[in-house]
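Working notes, beginning with the structure itself.
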Amino acid sequence: MKFPPSTTATALYLLISCTLPTSHAWGSLGHETIAYIASNFVSPATQSLFQTILHNQTSSYLAGVATWADSFRYTAAGRFSAPFHFIDAEDDPPASCGVVYARDCPVEGCVVGAIRNYTAQLLDADLGAGNRNMAAKFVIHFVGDIHQPLHDESLDRGGNSILVTFDNVQTNLHHVWDSNIPEKLIGGYALPDAERWATALTTAIKTGVYKTDAESWLQGIDLSDPVGTSIRWAEEANQFVCQTVLPEGKDAVVGKELGGEYYEAAVPVIELQVARAGYRLARWLDLIAAGGKTEF
Ligand SMILES: *[C@@H]1O[C@H](CO)[C@@H](O)[C@H](O)[C@H]1NC(C)=O
Ligand SMILES: *[C@@H]1O[C@H](CO)[C@@H](O)[C@H](O)[C@H]1NC(C)=O
Ligand SMILES: [Zn+2]
C-alpha cells in the first residue's frame with residue numbers, strides 16, 4: 001500500500017504508538033513484589049481482614065490483585081480510573097523537581113487523591129463488599145505506583161514519549177523504569193519471580209542494607225492525613241527524576257541505549273523504591289485494619 005508522505009507519517013506514528021508497550025505503572029513484577037513485601041510485614045489481623053476482603057486465603061492474597069487496576073483502566077467501566085495512577089508534577093527536571101498537590105492534581109484526579117479516596121472508602125463501615133474489594137485493590141496498586149519516579153512527573157507523559165533502546169530493543173523511558181530494569185535484574189516477571197525478589201528485599205529490610213533506614217520510611221505516615229502522607233511519597237520519588245532518571249536532562253537519553261551504565265545507576269533506586277513501597281503499604285494496611293470500623 002502506498003501513502004502520500006503525510007499519511008505515511010501518520011501511519012508510522014500509529015504503528016509506533018500501537019506496538020510500543022503502553023504500561024503506565026510498575027510492570028507486574030514491581031507491583032507483585034511490593035505486594036509480597038507488604039504481606040511479609042502486615043499484622044495477623046490485617047492479613048486476615050484483607051484475605052477476607054479479597055476472597056483469597058493464600059499467601060498471594062495481595063500479590064494476586066496488585067496489577068488488577070492496570071487492566072481495569074483499559075476497560076469501558078474503568079476508564080474513569082486512568083488518571084488515578086500518577087500525579088503529573090509540572091516541574092522542570094533536571095534543574096528543579098517538586099510536586100505541588102494544588103498545582104499537579106487536576107479535577108479528574110491523581111494518585112494522591114485516589115489514595116485518599118479509596119482509603120476513606122475502606123474506613124467506611126457501610127461500604128458494600130464489592131466496593132470494598134475494589135477499594136482494597138486500588139490502594140494496593142496506587143501505593144506502588146506513587147513510588148515509581150516517572151509516575152510523579154509530567155515531562156513527556158511521564159517519559160512515555162521519550163523513545164530509547166534497552167538491550168537493543170526499542171522502548172520508552174517510562175517502560176524502562178516500569179519493567180525493563182526490574183525484569184533484567186530479576187530475570188523474569190512471573191509471580192514466583194516477584195516472590196523471590198520480595199524475599200530478598202524483606203531480608204534487606206529486616207537485617208540487611210535497609211535495616212537502619214526502614215523505620216524512617218514510616219515517618220509522617222498518618223491515616224487521618226492521606227494527602228499529606230502520600231504527597232511526601234510522591235515528592236520523594238519525584239526527586240529521583242532529577243537525580244537518577246534524567247540527571248543530564250532529556251536530550252541525554254533520547255535515542256540512547258539504557259541497558260548498560262544507565263541500568264547500573266537505576267537499579268539501587270528501583271530496589272529502594274520497591275522496598276519502601278512494600279514496607280509502607282504494610283503499615284498503611286495495618287492502620288486501615290486497626291482504624292477501620294469494619295466488623296468481622
Ligand atoms: C489466590 O491468589 C493466587 C494469586 O493470584 C491465585 O493463584 C489463587 O488461585 C487464588 N486463590 C483463590 C482461592 O482465589
Ligand atoms: C472516588 O472513588 C469513586 C468510586 O470508584 C469514583 O467514582 C470517584 O471518581 C473517586 N474520586 C476521586 C476524587 O478519586
Ligand atoms: Zn498503575
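Nothing fancy with the numbering, it's 1 onward along the sequence. In listed order, ligands and their atoms are each counted from 1.
Inspection of the T46 and S43 side chains reveals an N or O donor paired with an N or O acceptor under 3.5 Å.
Geometrically, K137 does not engage F142 in a cation-pi contact defined by less than 6.0 Å to the ring centre and at most 45° from the axis.
When only non-hydrogen protein atoms are considered, atom 14 (O) of ligand 2 lies nearest to N117 ND2, 3.1 Å. The shortest contact between atom 13 (C) of ligand 2 and any protein heavy atom is with R116 NH2, 4.1 Å. Protein heavy atom at the shortest distance from atom 7 (O) of ligand 2 is F80 CE1, 4.1 Å. Counting only heavy atoms of the protein, atom 9 (O) of ligand 2 lies nearest to F84 CZ, 3.9 Å. When hydrogens are left out, the protein atom nearest atom 8 (C) of ligand 1 is N56 ND2, 3.8 Å; that is the closest non-hydrogen contact.
Ligand 2 lies within reach of Y118, whose nearest heavy atom is under 4.0 Å from it.
When the N, O or S atoms of D145 are ranked by distance to the Zn ion (ligand 3), OD2 comes first.
When each atom of ligand 2 is checked for a heavy atom of M134 under 4.0 Å away, the hits are 5 (O). Residue contact check: Q121 has heavy atoms under 4.0 Å from atoms 1 (C), 2 (O), 3 (C), 4 (C) of ligand 2. Taking every non-hydrogen atom of G64 and a distance limit under 4.0 Å, the qualifying atoms of ligand 1 come out as 4 (C), 5 (O).
A salt bridge does not link E32 with R196: every distance from a Lys NZ or Arg NE/NH1/NH2 to an Asp or Glu carboxylate oxygen is 4.0 Å or more.
Between Y118 and F138, the ring-plane angle classifies as tilted under the 30° and 60° cut-offs.
An angle of 80° is found at the Zn ion (ligand 3) between H85 atom ND1 and D70 atom OD1, rounded to 10°.
Between H31 and H141, the ring center distance clears the sub-6.0 Å criterion. Residues Y61 and F50 keep their aromatic ring centres 6.0 Å or farther apart. Taking the six-membered ring where the residue is Trp, the centroids of Y210 and W217 are separated by under 6.0 Å.
Side-chain atoms of S230 come within 3.5 Å of backbone N or O of P226 as a donor-acceptor pair. The closest donor-acceptor contact from the side chain of S48 to the backbone of P44 lies at 3.5 Å or more, if one exists at all.
Distances from atom 5 (O) of ligand 1 to the protein include at least one heavy-atom value under 4.0 Å.
Residue H151 does not count as close to the Zn ion (ligand 3), with no N, O or S atom under 2.8 Å.
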